[in-house]
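As structure tokens, the structure follows; a few thoughts come after it.
This is a predicted model, so every value here is computed, not measured.
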Protein chains: 2
Amino acid sequence: MNIYDISKKAGVSIATVSRVINNKDRVSEKTRKKIMDVIEQEGYTPNEYARGLALQSTKVIGVLCPDSSDSYTAAAIYNVERCLRDYGYDCILCCTGHRQEDREKYMKLIDSKQIDALVLVGSSYAAQDPKDQQYIIDAAKEKPVMIINGEVDAPNVYSVACGDEAAVEAATSGLIESGSRDILFLYNARSYSGRRKLQGYKNALQKHGIRERDELIALVTGGLDETIDFLLRQRSEGLRFDAVMASDDYLAAAAVKYAKKTGLKIPEDFQVIGYNDLMLARCCEPELTTVDSRVEDLSVAAVNYLMQILDGETPRQHSLLEGRLTWRGTTRTSEDGNPAPE
Amino acid sequence: MNIYDISKKAGVSIATVSRVINNKDRVSEKTRKKIMDVIEQEGYTPNEYARGLALQSTKVIGVLCPDSSDSYTAAAIYNVERCLRDYGYDCILCCTGHRQEDREKYMKLIDSKQIDALVLVGSSYAAQDPKDQQYIIDAAKEKPVMIINGEVDAPNVYSVACGDEAAVEAATSGLIESGSRDILFLYNARSYSGRRKLQGYKNALQKHGIRERDELIALVTGGLDETIDFLLRQRSEGLRFDAVMASDDYLAAAAVKYAKKTGLKIPEDFQVIGYNDLMLARCCEPELTTVDSRVEDLSVAAVNYLMQILDGETPRQHSLLEGRLTWRGTTRTSEDGNPAPE
DNA sequence: TTGTAAGCGTTATCAC
DNA sequence: GTGATAACGCTTACAA
């Protein structure tokens, strides 16, 4: 069933059918109806490939992420997809893993598929090393690239990110102001976001006149158990810390379990703050104080900017949304953000 | 840059270039190399739309789910995508939401896009009412449909699911054998999977000679807080229950928080079992006893079957993978599955 | 308002 | 081994 079949059955030319399908130009109400009836009757839908070929634009966006099963990423992808579909776009999803080599490989692969734009989800795409950003800059020569929660400064590369630095600074300040002095900063990637969060942590220390100590900055890899083990090991090796500022709710959950194991009482003896405000934050005991990184808002903003770009407008290249601290049971700070009375 | 440009620069015809791209037929090593060099040099990649148009097959699979941000679904999608990509397929993702009307709408939309097959993730696609399954049956007339964790009995519809019924029966039996009598079955959808789990619960009761009571079967909607409130309300209205068998880890987490609020000690006074073995299960306090529904194995199996189908083979239509109970802190049953000594 | 025909970039079937 | 050439199904000047 193609446009020729429809045109024949409707007794018109394919051009007219095309016009009706794309409701373009002026075509008489009578013929329009006649054609619509045939289309309806035959259950015809246009071939997207022929259309893509003719139009050189496909209404398809490539969405890349390291791992779409990660809660944060999954939320971003969900919102990106829903929002793009409302604009009439399809997304093709590609999970690249974390290795630079694979990221470049898949980027190239997806890039070769006549998509209209690329969305990169996750700060790991904004590598620290500029030469690891080159593949993004190259891709942006062909089509717009939008990064969610990362930033690469190059033509045709756009980004929307959470103000991680300010949020972590505020969170860490809360820990200090409620009496913690030896705050362990726990993070799992030297990504764009990881670096910004670390900076926020450092800012807070400095602001409160606390000396920054290398041994209190810990980059961990591995899952929940590995992180708990890591913390136990640090303790047994003599490191003292009375709070954890984590770059992620998973890491914070590990810190809570660590406290449980060592008999430290939360929040009296030990405070913990997470990041992202995942469902998991509510399931910890006590519930995690954490930063809502507004992944939904970020995703929607990213798509809206992208649509502007594809419409030929040139919105600002990089925007930041403010993170929102939510005080819960793992800190001594009360809901309004002030230290609770002792 | 298209096949004509390449043929011109290489001094051959487009037919020969096409042969080289698809490494077909016999083409002399010399011309092959010459063409490959030009392709390399120009960074040429074939246009997928032209190819799709010519071949009538696109190496694209449509992946439908109600909500890709749900942890279980996200894990399934991740594995499906990875596995399909290894086979050289792209996935286009479409989140349909839970409304029947929207599911049908998006199914139609995706179905019209010249994809090679459909993957439906989540048991909600296998509706209870046969007339709500019709859209799946119709879609399967055109291309194979694979359902992950659901089942629709129709030609060209395949499925891979977890043996939810047996798993819940075993889990519920564990609750009974460790002393619980008034077990609340908590679920959130009358989906295929929800129905199978409920049946498993009923089987266990019957096997142990416990009367099934309607008021102990609760279908809840809403999030964590709503579920906690629901449980508190049931209690205040006089319903007594000493365990919860939940169809989902989120619901189980709510049950744990309910117990906390009412001062019930877990597992001494109150037992809880979840489902799916999400990360969240490890973050509850105590950690959740739960069923690993093996979403990764399911996804990989689904893709492998699908590839067989697309290769013209006809594998079995419906397969079941056994769920795996993991005993943790919310039950009195010890690791080996036997009731712990009192 | 409608129709004709060229073009989009491939693959595949013929000849040679 | 290689080269013309006809599909594939659509959009869109340009003509009528």
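For B:Arg99, the salt bridge (Lys or Arg N to Asp or Glu O under 4.0 Å) partners are B:Glu101, B:Asp102, not counting sequence neighbours. Under the rule for a salt bridge (Lys or Arg N to Asp or Glu O under 4.0 Å), B:Asp311 has no partner lying at least two apart in sequence or in another chain. With sequence neighbours left out, B:Lys9 forms a side chain to side chain donor-acceptor pair (under 3.5 Å) with no residue at all. In this structure B:Tyr125 satisfies the side chain to side chain donor-acceptor pair (under 3.5 Å) test together with B:Thr96, sequence neighbours excluded. Partners of B:Ser159 under the side chain to side chain contact (heavy atoms under 4.5 Å, CB included) rule, at least two apart in sequence or in another chain, are B:Ile147, B:Glu151, B:His318. Applying the side chain to side chain donor-acceptor pair (under 3.5 Å) criterion to B:Gln100, with sequence neighbours excluded, gives B:Arg103, B:Glu104. Judged as a salt bridge (Lys or Arg N to Asp or Glu O under 4.0 Å), and not counting sequence neighbours, B:Lys34 has no contacts.
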All N/O donor-acceptor pairs, side-chain side in residues 40-49 of chain A, below 3.5 Å, sequence neighbours left out:
residue: A:Asn47; atom: OD1; partner: A:Tyr49; partner atom: N; Å: 2.7
residue: A:Asn47; atom: OD1; partner: A:Ala50; partner atom: N; Å: 3.0

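Between B:Glu29 atom CD and D:dT2 atom P there is a gap of 10 Å when expressed in whole angstrom units. In this entry the distance linking CD of A:Glu48 with P of D:dC10 reads 10 Å, nearest Å.
For residues 55-81 of chain A, every residue pair satisfying the salt bridge (charged side-chain N to carboxylate O under 4.0 Å, His left out) rule, not counting sequence neighbours, is listed here: A:Glu81-A:Arg85.
Contact check of residues 106-116 of chain A against DNA chain C (heavy atom, cut-off under 4.0 Å) returns no residues at all.
Recorded end-axis angle for the helix from C:dT1-D:dA16 to C:dC16-D:dG1 stands at 40°, based on five pairs per end and rounded to 10 degrees.
One finds no side-chain N or O of B:Ser13 lying less than 4.0 angstrom from the OP1 or OP2 phosphate oxygen of D:dA4. The side chain of A:Thr31 contributes an N or O atom lying less than 4.0 Å from OP1 or OP2 of C:dT2.
Counting heavy atoms of neighbouring residues, nucleotides and ligands inside a 6.0 Å radius, atom CE of B:Met36 does not exceed 12 of them.
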Report, as a single string ordered 5' to 3', how protein heavy atoms within less than 4.0 Å touch nucleotides 5-12 of chain C: B base, S sugar-phosphate only, - not at all. B-BBBBBB
